[in-house]
Amino acid sequence: MVLAIGLAALLLLILIAIWGPWFAQYGRISWRWPVGFTLVVLALTLLGYQQLGGYTLVQQEGLRQQEARRLNNMLDKQSSDPTLYRLQQRIRQSPDNGAGWFSLAQHYLYRNEFDDALIALQQAEHLQGANAALDAARATILYYQSDKNMTADVTYWIQQSLAKDPLQYTALMLQASDKYRNSHYADAIAIWQRLLDSDNPEVDRAVIIQALTLARMLQKAA
């Protein structure tokens, strides 16, 4: 409302500045003219503002329906994969279960279906809110989608995850694996050792010890 009144007043001032000299020279201006003109401009502005708001609501509803169709198509996708079918059924029974959508996203990542993984992850975030695990999962999906490249987007989501939880297991493992893959053994060893020294219950100590042993061997041989 304040915006509409401001726009009407601004338009009125502009028109008075343009036509004022002409009326001053060729005829007197009645007080009814500016008052009436203000009301007309204000009414038109309010009408336009209302129409713009209505258009925005239509756009939002269209996007909502598009998103709903996309999610339904994902759940209706046919597959012989029993795990995928079980996850789809679980979500159909509890569509507001963010953990179910997160599990579906992880399974789509396992199947290398990265677009569907991101859609499922987005729905999990919508239901659960942003958190370190979801940020790390997004980074992991983008990493494999980009053929194991540490892109700017992957780096950004890793940083977001570690800002929320400095010992987030998935984010640190992704960092370490990429360092190892690119022969930056010292960096990979430092990250794995950090996880090993932590009290993070997610840490698979056997896997990390094996990775550390191999990385140290390759570091010495380099």
Given side chains that start at C-beta, do those of [X] and [Y] come closer than 4.5 Å, heavy atoms only?
{"X": "Y143", "Y": "M150", "answer": "yes"}
{"X": "T83", "Y": "Y85", "answer": "no"}
{"X": "D135", "Y": "E125", "answer": "yes"}

Take Y169 and V203 through the side-chain contact (heavy atoms from CB on, under 4.5 Å) test and state the conclusion after the steps. CA-CA 7 Å; Y169 182 66; V203 171; 4.0 Å; yes
Is it true that a side-chain atom of [X] and a backbone atom of [Y] form a donor plus acceptor pair closer than 3.5 Å?
{"X": "R111", "Y": "D81", "value": "no"}
{"X": "N131", "Y": "A133", "value": "yes"}
{"X": "D165", "Y": "A132", "value": "no"}
{"X": "D178", "Y": "L174", "value": "no"}
{"X": "N149", "Y": "T151", "value": "no"}
{"X": "Q168", "Y": "A171", "value": "yes"}

Begin from the C-alpha positions of L142 and L118 and carry the test side-chain contact (heavy atoms from CB on, under 4.5 Å) through to its verdict. CA-CA 8 Å; L142 293 173; L118 286 172; 4.1 Å; yes
Looking at Q89, I'd like to know if its CD atom is crowded, meaning that more than 12 non-hydrogen atoms belonging to other residues, nucleotides or ligands lie closer than 6.0 Å. yes
Residue pair D187 / Q175, side-chain donor-acceptor N/O under 3.5 Å: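 Absent: no donor and acceptor within the cut-off.
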Parallel, tilted or perpendicular: which describes the rings of W192 and Y180, with under 30° parallel and over 60° perpendicular?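 Geometry flag for Y180 against W192: tilted rings.
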Evaluate side-chain contact (heavy atoms from CB on, under 4.5 Å) for L109 paired with L121, printing each intermediate quantity in order. CA-CA 10 Å; L109 171 62; L121 188 68; over 6 Å; no
Given side-chain contact (heavy atoms from CB on, under 4.5 Å), test L196 with I209 step by step and report yes or no. CA-CA 8 Å; L196 200 60; I209 290 172; 4.0 Å; yes
Identify the two heavy atoms, one from I208 and one from L195, that lie closest to each other, and give their separation to 0.1 Å. CD1-CB, 3.8 Å
